[in-house]
Amino acid sequence: MGKHKPIFDPSTDCGDYVVATNCSQLHTTGKKRFQKLYRTHTTRPGSLKELSMDRMIAKWGGGEVLRKAVSGMLPKNRLRKDRLARLKTFEGRAHPYKENILKVGNGGGQSIVEHDEVKKTFAEVKAQNAEAPVS
């Protein structure tokens, strides 16, 4: 959603992507995998279709289950579809976004400015600006 950016505004989309890997190894507790049902209906009589989580993983993969879970957590407004389009799911570990990923967790704080990679980049930019002649 871009809450870490200085331009954040709740009514705009800041353009952050989320990449989820290893969706094929999705793990649930209890009997959710066999008891949870995803229902679709076309509003015509008799068109209710039910699909269990196990069948959905077999048919569409774990990424679709994750996408439906995230869709239910997003705010129900005009930005929902755009934000959901920026969720990229991959069944394995490989994905084309490797060079653009900033891992949050070990070695960093909650703020993006506290990460070592970001601090190093800011220092490089400051050094370049200090060397540039002021006109």
Side-chain angles (χ1 to χ4, degrees):
M1 288 176 48
K3 289 184 178 181
H4 62 277
K5 293 184 176 183
I7 61 167
F8 173 72
D9 182 39
S11 64
T12 60
D13 196 5
C14 293
D16 287 345
Y17 283 79
V18 175
V19 179
T21 58
N22 285 337
C23 291
S24 62
Q25 298 176 359
L26 195 66
H27 177 72
T28 57
T29 58
K31 298 181 181 179
K32 263 190 228 105
R33 192 171 179 122
F34 306 102
Q35 291 180 348
K36 181 165 177 59
L37 298 175
Y38 295 96
R39 295 181 176 97
T40 57
H41 200 285
T42 63
T43 69
R44 296 188 52 103
S47 67
L48 179 66
K49 294 182 182 178
E50 293 180 340
L51 194 62
S52 69
M53 183 186 286
D54 192 45
R55 296 268 322 254
M56 182 174 277
I57 290 174
K59 186 174 184 179
W60 300 105
E64 186 62 25
V65 173
L66 182 67
R67 185 175 304 282
K68 285 192 177 287
V70 170
S71 174
M73 291 185 248
L74 287 174
K76 281 66 173 175
N77 57 20
R78 63 182 178 82
L79 300 173
R80 182 184 196 185
K81 189 193 295 185
D82 295 333
R83 287 177 178 162
L84 196 59
R86 289 200 187 87
L87 172 65
K88 304 297 179 187
T89 57
F90 297 95
E91 298 298 316
R93 294 196 61 141
H95 55 85
Y97 302 104
K98 188 163 185 105
E99 65 276 356
N100 297 329
I101 289 183
L102 177 66
K103 292 186 179 181
V104 179
N106 297 340
Q110 290 295 323
S111 174
I112 192 169
V113 182
E114 296 175 12
H115 290 278
D116 295 333
E117 298 168 12
V118 176
K119 284 182 182 178
K120 187 172 79 173
T121 305
F122 279 150
E124 290 173 2
V125 170
K126 279 187 179 179
Q128 289 175 356
N129 289 342
E131 294 173 3
V134 178
S135 55

To the nearest 0.5 Å, what is the distance between [atom1] on [X] and [atom2] on [Y]?
{"X": "Leu37", "Y": "Met56", "atom1": "CG", "atom2": "CE", "answer": "10.0 Å"}
{"X": "Asp16", "Y": "Arg83", "atom1": "CG", "atom2": "CZ", "answer": "10.0 Å"}
{"X": "Ser24", "Y": "Arg93", "atom1": "OG", "atom2": "CZ", "answer": "11.0 Å"}
{"X": "Leu87", "Y": "Leu74", "atom1": "CG", "atom2": "CG", "answer": "8.5 Å"}
{"X": "Lys68", "Y": "Leu84", "atom1": "NZ", "atom2": "CG", "answer": "9.5 Å"}
{"X": "Arg67", "Y": "Thr89", "atom1": "CZ", "atom2": "OG1", "answer": "4.5 Å"}

Is [Y] reachable from [X] through a run of I, L, V, M, F, W or Y residues, each pair having side-chain heavy atoms under 4.5 Å apart?
{"X": "Val70", "Y": "Val18", "answer": "yes"}
{"X": "Leu51", "Y": "Ile57", "answer": "yes"}
{"X": "Leu66", "Y": "Tyr38", "answer": "no"}

Thr21 and Glu91: CA distance, side-chain angles, deciding distance, side chain to side chain contact (heavy atoms under 4.5 Å, CB included) verdict: CA-CA 6 Å; Thr21 58; Glu91 298 298 316; over 6 Å; no
Full working for side chain to side chain contact (heavy atoms under 4.5 Å, CB included) between Gln35 and Ser52: CA-CA 6 Å; Gln35 291 180 348; Ser52 69; over 6 Å; no
Beyond-backbone contact of Cys23 with Glu64, side-chain heavy atoms, under 4.5 angstrom: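 The answer is no; the side chains never approach within 4.5 Å.
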Residues Asp54, Lys36: salt bridge by 4.0 Å N-O rule: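 Not counted as a salt bridge, because no side-chain N and carboxylate O are separated by less than 4.0 Å.
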Ser47 versus Thr42, closest heavy-atom pair with distance: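 Closest pair (atom of Ser47, atom of Thr42, distance): OG-OG1, 2.8 Å.
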NZ/Lys76: more than 12 non-hydrogen atoms of other groups inside 6.0 Å: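 More than 12 heavy atoms, drawn from other residues, nucleotides or ligands, come within 6.0 Å of this atom.
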Name of the residue among His41, Arg39, Arg55 meeting side-chain contact (heavy atoms from CB on, under 4.5 Å) with Glu50: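 The single option meeting the side-chain contact (heavy atoms from CB on, under 4.5 Å) with Glu50 is Arg39.
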Pair Ser11, Asp9: side-chain N/O donor-acceptor within cut-off below 3.5 Å: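 Result is yes, a qualifying pair exists.
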